[in-house]
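The sequence lines fix the lettering, A, B, ..., with proteins before strands; numbering per chain opens at 1.
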Number of protein chains: 2
Amino acid sequence: MRGVYVTNSNEFTTPTPVAAICGATRNLPETRLKQGVNLFHQGDRVHWIYQVKTGVVRLTRLLENGRRQVIAFGYPGDIVGFPLDGQHHTDCEGLSNATLQRYRRSALEDGDGDPQMHRDLLQAALREISAMQDHFMMLGRKSALEKVASFICVLTDRVGQSVGNYKQVSLPMSRSDIADFLGLTTETVSRSLTQLRKRKAIAIDNIYTIVILRPDVLRELSLGDHD
Amino acid sequence: MRGVYVTNSNEFTTPTPVAAICGATRNLPETRLKQGVNLFHQGDRVHWIYQVKTGVVRLTRLLENGRRQVIAFGYPGDIVGFPLDGQHHTDCEGLSNATLQRYRRSALEDGDGDPQMHRDLLQAALREISAMQDHFMMLGRKSALEKVASFICVLTDRVGQSVGNYKQVSLPMSRSDIADFLGLTTETVSRSLTQLRKRKAIAIDNIYTIVILRPDVLRELSLGDHD
DNA sequence: CGGGTTCTTGACTATCTTCAACGAAAGTGG
DNA sequence: CCACTTTCGTTGAAGATAGTCAAGAACCCG
């Protein structure tokens, strides 16, 4: 969940609506992405790499037979759109309205006259690799309850907000996005959340807002040290 | 399975045997790694990044409670040891005797006077990201049989050898390595291999050598288009 | 050849998925 | 603005898949 999350990047050739994208110039060109709109698609040529400034985006990959895997959620600070052979290898869609700063692909690949930006983008790629390794542990070696607890933990550490004595975290993604991220079904995600609620580890304020009642309990459950 | 697989790199500070490492100089310093010996550990400071020249290495990550995830197998051409914050984030061990060419960490991070090498290492990092995304699909959205079939398919495409009319692939790793790579148990890996054998998709010559009898069947099974 | 490890197979169990129903929320059109 | 429709989330019951435990076979090593 930490660091960069995506994979590849470019949008001008996308076969779906890109109307939501328009560069609002500050220092660097900024892109506005509306909720539900695609920034780029698997297979698009990569012209830009993006850093999420506000909002949340979702990176997905489709299997031949329609099964879907959510590769990552991109939160502010994350960089999405790493190319391979000049192509995007995931879809990217806004889960909320989002703004992104864009960088030429060449800024990553040959520096493009800005060594500092070059270094930063490379660091982002390395962070991405490490973050994906964390995700592997989650997908491969955790039970449903542990996965959901881990997911909430990581998200809380990354983007949790303090409200009174508690921390809370907003989940702009649907249950099925979470399921496809964790390798579960929506039903199992729902049941796991219910179980966390029944154990008083969390409270579900509304469907998109979770309050962490017992961070310690949640962390234990996420590690699998539970009864 | 394609591209680079590891994560971080450095070996001189490793708490375990590094005796197997000794620079045999050709153009660039070469490292020899004996079977069963660690090249680096999770948490080690990174001094070098390695490209596998011969042999196979294994990259693993440990969970707090002892559960293990195999992040990748490094075959010739793959680069292992990408750093994050100057540290290795996986263990790396030789599955067979292996030789690796090493590059200064600085060759990745600032070019170190060789722009071409710098570009190559960056490309390797991007390939790594894409390869990990493939791995996600496998971990999250495939059945046991599909995982094992995919594993053999990818390995065959990457390092399979033609023998007569058939291709074969050698598996230098143990069943439990495969299990930890695919998020399964050794028993399930074994049962899946048996099922592939019973369906005449593969033949198991000896435990470490698999002959592909029906690539088409194997591929179908890996995609989940099976009865 | 013998001993230890790894692999395979079987029986049973746990976990997660599937299928189905229901309720809540959100979107649509009058 | 409200009724209608559709989607999304939760819950339950039944079934399937993979895990666990246990035993035997194959392989490796000295």
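For B:R191, the salt bridge (Lys or Arg N to Asp or Glu O under 4.0 Å) criterion is met by no residue, not counting sequence neighbours. Every residue two or more places apart in sequence or in another chain was checked for a side-chain contact (heavy atoms from CB on, under 4.5 Å) with A:S190, and none qualifies. Under the rule for a side chain to side chain donor-acceptor pair (under 3.5 Å), the partners of B:T54 that lie at least two apart in sequence or sit in another chain are B:T99. Taking A:Q195 as the reference, A:L145, A:R199 meet the side-chain contact (heavy atoms from CB on, under 4.5 Å) condition, with sequence neighbours excluded. Partners of B:S150 according to the side-chain contact (heavy atoms from CB on, under 4.5 Å) rule, which considers only residues two or more places apart in sequence or in another chain, are B:M138, B:K142, B:S222. Every residue two or more places apart in sequence or in another chain that forms a side chain to side chain donor-acceptor pair (under 3.5 Å) with A:Q51 is listed here: A:K53, A:Y103. Residues passing the salt bridge (Lys or Arg N to Asp or Glu O under 4.0 Å) test with B:R68 are B:D177, B:D180, sequence neighbours excluded.
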Can you give one letter per nucleotide of nucleotides 3-19 of chain C, 5' to 3': B if a protein heavy atom sits under 4.0 Å from the base, S if only from the sugar-phosphate, - if neither? ----SBBBB----SBBB
With a 3.5 Å cut-off and sequence neighbours excluded, list the donor-acceptor pairs that the side chains of residues 162-170 of chain B form with protein atoms.
none

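Applying the salt bridge (Lys or Arg N to Asp or Glu O under 4.0 Å) definition to pairs two or more places apart or across chains, those involving residues 207-219 of chain B are B:D157-B:R219, B:R214-B:D216.
Each end of the helix from C:dC1-D:dG30 to C:dG30-D:dC1 gets its own axis from five base pairs, and the two axes differ in direction by 60°, given to 10 degrees.
Using the six-membered ring where Trp is involved, B:F136 and A:H135 have ring planes that are tilted, between 30° and 60° apart.
From the 5' end on, the contacts that DNA chain D makes with chain B at under 4.0 Å to a non-hydrogen atom open and close at D:dA18 to D:dC27.
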